[in-house]
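Okay, so here's the structure we're looking at.
Naming: A, B, ... by sequence-line order, numbering from 1 per chain.
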Amino acid sequence: DTGVSQNPRHKITKRGQNVTFRCDPISEHNRLYWYRQTLGQGPEFLTYFQNEAQLEKSRLLSDRFSAERPKGSFSTLEIQRTEQGDSAMYLCASSFSDTEAFFGQGTRLTVV
Amino acid sequence: KNEVEQSPQNLTAQEGEFITINCSYSVGISALHWLQQHPGGGIVSLFMLSSGKKKHGRLIATINIQEKHSSLHITASHPRDSAVYICAVLLVGQNFVFGPGTRLSVLP
C-alpha cells in the first residue's frame with residue numbers, strides 16, 4: 001500500500017467548467033476526509049465519510065460541491081460551474097476510526 | 001476565538017537551535033496531530049498524540065490534555081526542517097480542525 005493517492009495532482013480549468021477529483025485512501029481505512037487549503041492558510045474542512053456514509057459537510061461547501069464514496073473505498077469530489085475562488089489545494093486524508101490520519105499529496109486546482 | 005491556535009506564526013532559527021512550536025485548543029478532542037508541509041508539497045503526519053509525549057529522531061511532541069496544550073520541539077534544527085508545521089485536533093467523533101500553521105525557516 002503506497003498511502004493515500006490523489007488524482008490528478010494538478011488541474012487547470014476555465015471558469016464555469018466542472019471538475020472532478022479522486023482520492024484513493026489506504027486500504028481498510030474507514031474514514032476519508034476532504035479539505036481545502038488556499039495559499040498561506042491552514043486546511044479547511046469540507047466533508048468526511050465513515051465508510052460510504054457522508055457524516056458531515058461544511059457550510060463552506062456550496063451546492064456546487066458534491067462528494068461521494070460509493071463503495072466505501074475511493075472518493076470523488078466534484079465542483080460544478082467552477083469559480084476563480086475555487087482555486088486551491090484540495091487535500092484528502094484517511095484513517096481507521098480515531099487512529100492516525102494519513103494525507104494525500106493533494107490536487108492543486110487553478111481556475112482561469 | 002479560533003478553536004485551534006498556534007504560536008509563533010513565523011519562526012526563523014539558526015541551524016542547530018532548539019525550536020518549540022506551541023498549539024492550544026479550546027474544544028474536547030480525541031487526539032492531536034502534528035503535521036509538516038513543505039512549500040508546494042503534501043502534508044506529512046509527524047505525530048498523533050492523545051496523552052504524554054512521543055519522540056521520533058530529533059522531533060519531540062508533548063500534550064497536556066488538562067491544559068489543552070501541545071508542543072512540538074525540534075532539537076539540533078537543520079535547514080531541511082524548514083516547512084510549515086500544523087497542529088490538527090481530532091474532535092470527538094467528528095473531523096479534524098486545523099491550526100493556522102507555523103512557518104519555520106532554519107538558516108544555515
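The closest side-chain donor-acceptor pair between His69(B) and Ser24(B), if any, does not fall under 3.5 angstrom.
Of the atoms belonging to Gln37(B), it is side-chain heavy atoms, and not backbone ones, that fall under 4.5 Å from chain A. Looking at Ala93(A), neither its backbone nor its side chain comes within 4.5 Å of chain B, counting heavy atoms on both sides. Contacts of Gln50(A) with chain B are absent, with no heavy-atom separation under 4.5 Å from either backbone or side chain. The part of Phe45(A) that comes within reach of chain B is its side chain, from C-beta onward, which places non-hydrogen atoms under 4.5 angstrom from that chain. Only the side chain of Ile86(B) comes within less than 4.5 Å of a heavy atom of chain A; its backbone N, CA, C and O stay farther away.
By number of non-hydrogen pairs under 4.5 angstrom with chain A, the leading residue of Ser45(B), Gly101(B), Ala31(B) is Ser45(B). Put simply, of Val84(B), Val97(B), Val4(B), Leu35(B), the one with the most heavy-atom pairs under 4.5 Å next to chain A is Leu35(B).
Between His73(B) and Phe18(B), the ring planes lie parallel to each other; the angle is under 30°, not in the 30° to 60° tilted range. Aromatic ring pairs are classed by plane angle as parallel below 30°, tilted from 30° to 60° and perpendicular above 60°; the pair Phe103(A) and Tyr35(A) is tilted.
Checking Arg64(A), Lys14(A), Arg15(A) one by one against Glu83(A), the salt bridge (charged side-chain N to carboxylate O under 4.0 Å, His left out) holds for a single residue, Arg64(A).
Geometrically, Arg31(A) does not engage Tyr48(A) in a cation-pi contact, judged by NZ or CZ lying under 6.0 Å from the ring centre and within 45° of the ring axis.
Clustering ILVMFWY residues whenever any of their side-chain heavy atoms sit less than 4.5 angstrom apart, transitively, puts Met48(B) in a cluster other than the one holding Ile29(B).
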